[in-house]
2 protein chains.
Amino acid sequence: MARAGLTTDRVVAAAAELADEAGFEHVTLTALARRFGVKDASLYSHVRGLADLRTRLALYAGGELIDRIAWAVAGRAGKDALTAFAGAYRAYAMEHPGRYAATQIRIDQSLIAASPQMRRTAEITYGMLRAYGLREPDLTDAVRLLRSTFHGYCALESAGGFGADRAVQASWDKAIDALHLALTHWPREARPDGDDR
Amino acid sequence: MARAGLTTDRVVAAAAELADEAGFEHVTLTALARRFGVKDASLYSHVRGLADLRTRLALYAGGELIDRIAWAVAGRAGKDALTAFAGAYRAYAMEHPGRYAATQIRIDQSLIAASPQMRRTAEITYGMLRAYGLREPDLTDAVRLLRSTFHGYCALESAGGFGADRAVQASWDKAIDALHLALTHWPREARPDGDDR
DNA sequence: CTCCATTCCTAGACTCTCTAGGTTTCAGCC
DNA sequence: GGCTGAAACCTAGAGAGTCTAGGAATGGAG
């Protein structure tokens with residue numbers, strides 16, 4: 001019987017394709033095995049199980065996403081960088097809904113800390129924000145705001161959550177404008193008692 | 001044999017409890033049947049299947065959420081209303097992670113349009129924003145920004161996405177401040193510091 | 001009391017995850 | 001060329017879950 005030539009990497013890559021075609025929740029070891037013309041039990045030699053496959057897929061997609069973002073942001077600063085970051089983020093979510101969904105799953109905190117992709121994501125995000133002259137803890141707050149908005153927008157959009165006629169792209173552009181404005185006039189602790197380093 | 005007294009409403013309510021206890025993805029007809037001391041096939045008299053149960057749960061949770069928000073926002077305006085809205089939203093997501101996860105699932109667009117909860121949500125959201133003097137299409141853009149940010153923040157938080165030490169509540173407060181700032185100085189069409197894109 | 005719609009049941013087909021243990025293939029070495 | 005060991009892939013089967021089909025019990029209306 002001819003071998004399918006399975007490896008962990010190939011299994012994860014096929015899972016990524018399957019996720020985009022059928023949806024992340026339909027990524028199944030049985031379906032994946034069918035795609036390779038192999039029995040599902042055979043996949044357990046390369047992947048510890050469904051949970052393992054899913055977290056591998058999440059890290060794989062996270063790596064792809066940050067690669068795209070890094071490429072888009074390279075050489076830009078300020079609003080230019082923000083727009084490029086956001087555009088690359090949303091484009092990936094739209095082109096690869098299954099992979100993007102994979103990036104949303106809950107992953108063991110220790111795995112996140114150990115993954116180079118996540119560290120790279122943090123670097124690039126913080127780097128982009130440095131142009132706005134923010135300092136900790138405002139920097140962390142701003143990162144959280146950006147991540148939340150980008151993620152929330154893409155999640156709602158891909159879930160069909162935007163019913164109104166208004167073009168989704170136009171609203172996205174406006175959201176970026178609004179975020180840029182918020183970042184440039186970031187509300188600091190200007191209040192009488194306030195002083196955070 | 002004593003009957004369990006099942007009705008569609010009771011099944012959905014039990015599913016909501018189960019979702020919060022075990023997580024939305026573990027809401028299963030078998031588990032639900034076990035909870036009622038009944039065979040899983042019996043539930044099919046009250047619910048068309050798992051998919052039907054999930055969308056019913058989503059609408060149920062959406063109704064609860066908007067009730068909480070409406071109560072919190074009542075009698076407030078401007079930033080006060082924004083803070084109350086956001087606080088109620090996040091509190092619900094934190095108290096009922098399973099139900100909140102249910103509100104995120106993709107639902108048939110026609111069902112959304114027909115549901116009174118969703119119409120009520122739109123009313124309250126647009127009403128809150130009217131204080132900022134926005135007009136269409138800025139109004140729709142702003143609603144999408146708010147929904148995205150709230151949803152994204154809660155999704156990331158409940159998925160354990162915020163690793164840094166910085167308190168999550170503090171970042172949330174800052175995000176509200178930033179959104180309020182963006183809403184009060186909403187970037188209208190004629191941008192002075194021209195940056196086309 | 002009888003009717004009968006509703007409620008709940010058993011039985012079983014199908015899908016999927018995962019384990020245990022058995023073959024087959026292939027690359028490198030004598 | 002033949003041996004050998006590690007992968008790669010297999011069969012078999014337990015267990016959980018969804019869902020359909022059809023049968024039996026319950027309880028309210030007439």
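Just so it is clear: chains get the letters A, B, ... in the order the sequence lines come, proteins before strands, and each one is counted from 1.
- Between B/Leu32 atom CG and D/dT18 atom C1' there is a gap of 14 Å when expressed in whole angstrom units.
- The side chain of A/Val38 lies closest to D/dC9 when the candidates are D/dC9, C/dC9, C/dT17.
- At least one cation-pi condition fails for A/Arg147 and B/Tyr153: the charged atom is not both under 6.0 angstrom from the six-membered ring centre and inside a 45 degree cone around its axis.
- Figure legend: B/Arg90 and B/Tyr100 shown without cation-pi pairing, the cationic atom not lying both under 6.0 angstrom from the six-membered ring centre and within 45 degrees of its axis.
- The CG atom of A/Leu43 sits 18 Å away from the P atom of D/dA7 (whole-angstrom rounding).
- In this structure, A/Leu6 atom CG and D/dC9 atom P are separated by 4 Å, rounded to whole Å.
- Counting to the nearest Å, the P atom of D/dC9 and the CG atom of A/Leu29 are 15 Å from each other.
- You'll find that the side chain of A/Ser45 is closest to D/dC9, out of D/dT18, D/dC9, C/dT17.
- Ranking C/dC18, D/dC19, C/dC8 by closeness to the A/Asp40 side chain, first place goes to C/dC18.
- The CD atom of B/Glu25 sits 17 Å away from the C1' atom of D/dT18 (whole-angstrom rounding).
- Side-chain proximity of B/Ala41 to D/dG17, D/dC9, C/dA11: nearest is C/dA11.
- Of all nucleotides listed (C/dC18, C/dT10, C/dC8), C/dT10 comes nearest to the side chain of B/Lys39.
- A continuous path of ILVMFWY side-chain contacts below 4.5 Å connects B/Leu179 to B/Leu129, so both sit in one hydrophobic cluster.
- For the pair B/Arg34 and D/dG17, the criterion of a side-chain N or O lying under 4.0 Å from OP1 or OP2 is met.
- Of the charged side-chain nitrogens involved, none lies within less than 4.0 Å of a carboxylate oxygen, so that A/Asp40 and A/Arg34 do not count as a salt-bridged pair.
- Residues B/Glu17 and B/Arg99 are not paired through a salt bridge, judged by the lack of any N-O separation under 4.0 Å between the basic side chain and the carboxylate.
- Regarding contacts with the backbone of C/dT6, every side-chain N or O of B/His46 stays at 4.0 angstrom or more from both OP1 and OP2.
- Contact between the side-chain N/O atoms of B/Ser42 and the OP1/OP2 oxygens of C/dC9 is found at a separation under 4.0 Å.
- If you check D/dC19, C/dT17, D/dG17 against the side chain of B/Tyr44, the one that comes closest is D/dC19.
- Listed nucleotides: C/dT17, D/dC19, D/dA8. Nearest to the side chain of A/Thr28: C/dT17.
- Between the CZ atom of A/Arg35 and the P atom of C/dC16 there is a distance of 14 Å, rounded to whole Å.
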